[in-house]
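Right, one structure below, let's go through it.
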Amino acid sequence: MNADQLSATSARAIGLDVDALTIRGGKPLQGRIEMKGAKNLVTKAMVAALLADTPSELRSVPAISDVRVVRGLLEIHGVAVETLGDTMRLDPANVESAHETSINAHAGSSRIPILFCGPLLHRLGEAFIPDLGGCHIGDRPIDYHLDVLRNFGAVVEKLPTGIRMTAPGGLHGAKVELPYPSVGATEQVLLTATLAKGRTELQNAAVEPEIMDLIAILQKMGAEIQVDTDRTIRIEGVDRLVGYSHTALFDRNEAASWACAALATGGDIFVGGARQPEMTTFLNVYRKVGGRFEIEDDGIRFWHPGGDLKPVVVETDVHPGFMTDWQQPLVVALAKAKGISIVHETVYEQRFGFTDALRDMGATIQIHTECLGSHACRFGQRNYEHSAVIAGPVMLHGTDIVVPDLRGGFSHLVAALTAEGSSRISNVGIIARGYERFIEKLSVLGADFDVDG
Ligand code: EPU
């Protein structure tokens, strides 16, 4: 199926051409849904295919718009991409430069283009990235990425339209210490170092499961990568890499989101494809709040057992901590818990914007600039509103909401599903960036809603 056929048949199911939903709340979500590969791995695995000189095959690719964006960017760089069901084949035999205007047109609001730089510098000696988008959840700078690339020998030139990079002397191994264990900057190092000349040592690396899965893919391609216990990653550059065949790790962020939807709506959802090891921290918190779960070989069942939910104190952190992408739908469930909960966000400085809409719906949530967790984080002294105090239980009431970002948007869906009365949620296309076929899934789970437009 080509890109046009794909867009014609599935855009509506994906949620791309849907602008708004009217949700009538109060119905528990019940049923079974299936997870596919993680957005935050699949998009990077697609970029990794650029490093090889033979085709790669990636399985369990979700139908989400971030995958489409990366596919478009690969295609304009000469990579032949075919999909059959959820399997994607990527052939990088004819990689070529793309025009700035097409890169700009295809990049959309994604932040993935920054990860094209290392592979393109290896393949073509040059790369261009437009001004980057992504969800507006803080400043989201790319300074670590640019420093990393400069360390490898890239020459970085800032233009009015974006950033151009060249590697006149090729890329060589480097010693890098990240100021913070950034997921993206760690991936930048991995994707650049594998074909760089010589040895690379990365200190203070992020070791999220999606990164470990990317390392597994690179190892299949012929890369030499060692992860030490102190989060130092050592990479020995090799001369060539071959294509990989890989089934992507499931999307644990999506799994946690539906788990919270079950809890907040008083429902019972079996999340097919979810696995325990990557979610142990989430499961601990889920149990503390009063949710139940049952681990099966083919997924995890999440449900609300009845009675009061309990308040918790949670701090988001890098792996193996509680993920920043898990807190938004959890906050909706915490608004229903009896007592005071605290969520201290330590990964992004501005990730509580979504609570404005929850307050409009009747939630009692205060946002503070102090670190309200057990340790002071790097945002505490800088006046960022990054700690939330949630007092419950409250009954939310329906309202109109314009979705601000991916995870916040999903939490607004959950809030509307639990609320008394109806809510009109617009700009829901943004949710399709990372939640595969969420409209179909809402139907399967028995949600009461209409698609507007
Ligand atoms: N940071 C910098 N400079 C940089 C890069 C990062 O200051 O050059 C800061 C960020 O501003 C942030 C912190 O470092 O405060 C962590 O950012 P990180 O680089 O780890 O995040 P990312 O790679 O941009 C990925 C996911 C996010 C997820 C985070 C944390 C993708 C495409 N995005 O972002 O996912 O929240 O890691 O796990 O993989 C989402 O899925 O909704 C999402 C936002």
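Start at 1 and go down the list; that is how both ligands and their atoms are numbered.
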Handout entry: Within reach of ligand 1, part of Val183 (heavy-atom separation under 4.0 Å)
Key = both
Handout entry: The one among Val318, Val148, Asp143 that brings a heavy atom closest to atom 3 (N) of ligand 1
Key = Asp143
Completion exercise
Taking every heavy atom of Met279 against every heavy atom of Ala274, the minimum-distance pair comes out as SD-CB, 4.5 Å
Handout entry: Winner among Thr186, Leu178, Ile142, Thr324 once heavy atoms are compared against atom 30 (C) of ligand 1
Key = Thr324
Problem - ligand 1-proximal atoms of Arg407, by part, heavy-atom distance under 4.0 Å - result: side chain
Fill in the blank from the handout: side chain to side chain donor-acceptor pair (under 3.5 Å) with Glu210: of Arg252, His319, Lys44, Lys39, only one passes, and it is Arg252
Exercise for the section: State, to 0.1 Å, how close Pro311 and Ala337 come at their nearest heavy-atom pair, and which atoms those are. Expected result: N-CB, 4.0 Å
Handout entry: Any Gln328 heavy atom less than 4.0 Å from ligand 1
Key = no
Practice task
State whether Glu201 and Lys175 are salt-bridged, where the test is any N-O pair (Lys NZ or Arg NE/NH1/NH2 against Asp/Glu carboxylate O) under 4.0 Å.
Solution key: yes
Exercise for the section: Mark up the atoms of ligand 1 that fall under 4.0 Å of a heavy atom belonging to Val347, in ascending order. Expected result: 12 (C), 13 (C), 15 (O), 16 (C)
Problem - Atoms in ligand 1 with a heavy atom of Met323 nearer than 4.0 Å - result: 38 (O)
Exercise for the section: Pull out every atom of ligand 1 sitting under 4.0 Å from any heavy atom of Gly184, numbered as shown with elements. Expected result: 19 (O), 23 (O)
Handout entry: Where Thr346 and Thr316 come nearest, the two heavy atoms and their spacing
Key = OG1-O, 2.5 Å
Exercise for the section: Considering the heavy atoms of His145, write down every atom of ligand 1 situated less than 4.0 Å from one of them. Expected result: 8 (O)
Problem - Taking every non-hydrogen atom, the tightest pair across Val414 and Ala264 - result: CG1-CB, 3.6 Å
Practice task
Closest by any non-hydrogen atom to atom 16 (C) of ligand 1: pick that one out of Tyr435, Phe410, Tyr180.
Solution key: Tyr180
Practice task
Determine, stepwise, if the pair Gln203 / Arg231 fulfils side-chain contact (heavy atoms from CB on, under 4.5 Å).
Solution key: CA-CA 6 Å; Gln203 284 175 23; Arg231 286 195 287 105; over 6 Å; no
Problem - Tyr144, portion touching ligand 1 at heavy-atom distance under 4.0 Å - result: both
Exercise for the section: For a side-chain contact (heavy atoms from CB on, under 4.5 Å) with Val343, tell me which candidate from Thr355, Leu372, Val331 qualifies. Expected result: Val331
Problem - Pick from Phe379, Tyr348, Trp326: the one approaching atom 27 (C) of ligand 1 most closely through a non-hydrogen atom - result: Tyr348
Practice task
Give a yes/no verdict on a cation-pi contact between Arg301 and Phe293, requiring under 6.0 Å between NZ or CZ and the six-membered ring centre and an angle within 45° of the axis.
Solution key: no
Exercise for the section: Please state whether Lys44 comes within less than 4.0 angstrom of ligand 1, counting heavy atoms only. Expected result: yes
Exercise for the section: Specify the closest pair of heavy atoms between Ala248 and Leu41, including all atoms of both residues, with the distance to one decimal. Expected result: CB-CD1, 3.6 Å
Practice task
Using a 4.0 Å heavy-atom cut-off, say whether Glu187 meets ligand 1 through its side chain, its backbone, both or neither.
Solution key: neither
Practice task
Using a strict cut-off of 4.0 Å, indicate which atoms of ligand 1 neighbour a heavy atom of Asn40.
Solution key: 26 (C), 27 (C), 31 (C), 32 (C), 33 (N), 35 (O), 39 (O), 41 (O)
Practice task
Mark the output for Pro141 as yes if a heavy-atom distance to ligand 1 is under 4.0 Å, and as no if none is.
Solution key: yes
Exercise for the section: Report yes if Ser182 has an N/O atom closer than 3.5 Å to an N/O atom of ligand 1; otherwise report no. Expected result: yes
Handout entry: Those atoms of ligand 1 less than 4.0 Å from some heavy atom in Arg351
Key = 36 (O), 42 (O), 43 (C), 44 (C)
Practice task
Heavy-atom contacts with Leu406 under 4.0 Å: which atoms of ligand 1 show up? List them by number with element.
Solution key: 42 (O)
Handout entry: Trp258/Phe410 aromatic ring centres below 6.0 Å
Key = yes
Exercise for the section: For Gly373 and Glu315, work out which heavy atoms get closest and say how close. Expected result: CA-OE2, 3.3 Å
Problem - Under-4.0 Å heavy-atom contact with ligand 1, by part of Asp325 that carries it - result: side chain
